[in-house]
Amino acid sequence: MMYRRLLFSVLVLGIGTACGADSEAPGEGESAPVAEATENAFAERIAALAEEAGAAEKRNVRGEDDAWFFLTQELRHLGTGAFWERDWADVAKNGQDPVPFLAQFNDLLKEKGIRLIVAPVPPKAAVYPEKLFGDATVADVLSVRGFYDELEAAGLEVLDLESALRQLKEETGEKVYCEQDTHWSPLACERTAELIAGLVAEEDWLKNEEKQEFVRSEETTLTIRGDQVESGDDVPMEEIKVRYAGIGGGGSGPAAVAPAEDSPVLLIGDSHTLVFWEGTSGGMHTDRAGLLDQLQYEFGFPIDHVGVRGSGSVMARRNLFRHADGKDGYWDDKKLVIWCFSAREFTQSMDKLLEIPLER
């Protein structure tokens, strides 16, 4: 069955963002204490599960639906409850409030006339709580809206992917996360790209940009072994639906289009920007079906990219500094930066947050 390009409400909060993170975030094997949950039964239940997993040095937890795997670190994050109402010294692994560092990046870009959209990828259990606990629903999960409200005051713009991916799940009945893998699905990459493109559709710079004829393939089935499956786990290979995006066509589908440093659009972030783009050689399952590919399809031209396996908040920005360093006029034609990372970075990053300049 083909994916449907569904009509949907653009689920955006006028502002907000969060500290970046990566799918292979640091400290996954550590059994750091779980912060006390805040007045939410689901958070308390998650916190207890995460504490038990941490004590057993388990990197992941299999849900009551035995096919689904959940990263322990993400469960720790969900177990903190309303983390934004707490003292960051108590709730964050690095003890730091991420908001000033996010705002600093936003301010640097604004000074150059560049728009920043932050797209935190929610924990899998926030979208599929019923796969973790058979009797749970999304109504049990504490909304992060309160945190986004605080980020609004800091002048940041955030794409509410928690709401968007729940909606996509209900609309299509298809997986928006991989069962066995840390990452979201190719369908989630498609919807995220559609939402972002919709946010900037009326920008003059975009209307004036020269377009190419990008295409998407018909839907096919991809068989993967997820990164959460460990030796001794008795599970079959996972099947997910995928559509490839690129230029041209033919028997193997459209050809991949490489990122372009001179593009007005830049995508930065953690391995959520690498999965289904980097290919099997990088352990990312396939190419031509990641967020970068789908953004290029939506925009109609190649975009720039800085993706890391590590912290989306610190490492991605460090790599961006190196990426731009020594390139005269690198920032002159940039109009949009998209920052995509795992939302667990809000509380689970162990990296010291730093103010990082755009250039020397």
Side-chain angles (χ1 to χ4, degrees), residues 3-17 105-120 152 155-161 163-164 167-168 186-217 243-249 254-269 272-273 277 288-307 320 323-324 327-340 358-359:
Y3 287 157
R4 296 172 294 160
R5 291 183 62 89
L6 299 159
L7 294 175
F8 54 87
S9 301
V10 175
L11 295 160
V12 183
L13 305 176
I15 42 278
T17 185
F105 185 43
N106 189 42
D107 290 343
L108 291 175
L109 292 171
K110 278 186 176 179
E111 289 172 5
K112 293 184 175 294
I114 301 170
R115 180 176 177 180
L116 174 66
I117 296 175
V118 188
E152 177 174 11
L156 295 153
E157 182 176 4
V158 65
L159 177 61
D160 180 7
L161 287 176
S163 298
Q167 179 180 341
L168 180 61
L187 177 59
C189 295
E190 282 195 31
R191 175 55 62 90
T192 301
E194 291 172 14
L195 287 166
I196 291 168
L199 290 176
V200 299
E202 299 305 314
E203 298 275 0
D204 289 339
W205 64 264
L206 181 58
K207 294 177 181 178
N208 295 329
E209 191 70 19
E210 183 178 352
K211 305 297 194 299
Q212 300 178 36
E213 190 174 350
F214 280 74
V215 297
R216 276 194 185 127
S217 72
R243 293 198 299 178
Y244 299 100
I247 295 288
V257 177
E261 289 184 357
D262 61 352
S263 175
V265 180
L266 166 66
L267 170 66
I268 71 167
H272 284 89
T273 74
W277 170 76
R288 298 169 293 146
L291 180 59
L292 180 75
D293 306 287
Q294 304 301 346
L295 283 167
Q296 292 184 148
Y297 171 84
E298 293 292 338
F299 283 115
F301 53 80
I303 69 174
D304 199 4
H305 180 215
V306 176
L320 173 59
H323 178 73
K327 297 171 183 171
D328 291 340
Y330 174 80
W331 291 106
D332 292 352
D333 296 322
K334 288 286 186 283
K335 302 297 183 184
L336 175 67
V337 174
I338 302 156
W339 196 3
C340 180
L358 295 180
E359 55 197 352

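- Closest non-hydrogen pair, Leu168 versus Ala188, comes out as CD2-CA, 4.0 Å.
- Applying the ring-ring contact (aromatic ring centres under 6.0 Å, His included) rule to Tyr244 yields no partners; only residues at least two apart in sequence or on another chain are considered.
- Here Ile196 contributes atom CD1 and Ile117 contributes atom CD1; the two are 6.0 Å apart, rounded to the nearest 0.5 Å.
- In this structure, the side chains of Leu159 and Thr192 come closer than 4.5 Å at one or more pairs of heavy atoms.
- In this structure, Val306 and Leu320 approach most closely via the heavy-atom pair CG1-N, 3.8 Å.
- Shown here are the side chain to side chain contact (heavy atoms under 4.5 Å, CB included) partners of Lys334, two or more places apart in sequence or in another chain: Ile114, Leu266, Asp304, Tyr330, Trp331.
- Scored by the side chain to side chain contact (heavy atoms under 4.5 Å, CB included) test, Pro259 finds Trp277, Leu292, His305 as partners (sequence neighbours excluded).
- Glu203 pairs by the salt bridge (Lys or Arg N to Asp or Glu O under 4.0 Å) definition with Arg115, not counting sequence neighbours.
- Side-chain contact check for Trp339 versus Leu109: every heavy-atom pair is 4.5 Å or farther apart.
- With sequence neighbours excluded, no residue forms a salt bridge (Lys or Arg N to Asp or Glu O under 4.0 Å) with Lys211.
- A side-chain donor-acceptor contact under 3.5 Å links Arg288 to the backbone of Pro254.
- With hydrogens and angles disregarded, a donor-acceptor distance shorter than 3.5 Å links the side chain of Ser263 to the backbone of Pro302.
- When side chains are defined from C-beta on, Gln294 does not count as touching Arg191, because their heavy atoms never get closer than 4.5 Å.
- When every heavy atom of Ala245 is checked against every heavy atom of Arg216, the shortest pair comes out as CB-CG, 4.1 Å.
- Atom-to-atom distance recorded for Leu161:CG and Leu195:CG is 7.0 Å, nearest 0.5 angstrom.
- Not counting sequence neighbours, the partners of Lys112 by the side chain to side chain donor-acceptor pair (under 3.5 Å) test are Glu359.
- For Glu111, there are no salt bridge (Lys or Arg N to Asp or Glu O under 4.0 Å) partners two or more places apart in sequence or in a different chain.
- Scanning both residues, Val215 and Gly248, for their nearest heavy atoms gives CG2-O, 2.9 Å.
- Two residues are said to be in side-chain contact when any heavy atoms from C-beta on lie closer than 4.5 Å; Trp205 and Val265 meet this criterion.
- With sequence neighbours left out, Gln212 forms a side chain to side chain donor-acceptor pair (under 3.5 Å) with no residue at all.
- Screening Val257, Asp293, Leu336, Leu267 against Ile303 for a side-chain contact (heavy atoms from CB on, under 4.5 Å) leaves a single residue, Leu267.
- Between the side chain of Glu298 and the backbone N or O of Gly198 there is no donor-acceptor pair closer than 3.5 Å.
- For Ala201, the side chain to side chain contact (heavy atoms under 4.5 Å, CB included) criterion is met by no residue, not counting sequence neighbours.
- Residues Pro264 and Phe301 have side chains in contact (heavy-atom distance under 4.5 Å, counting atoms from C-beta outward).
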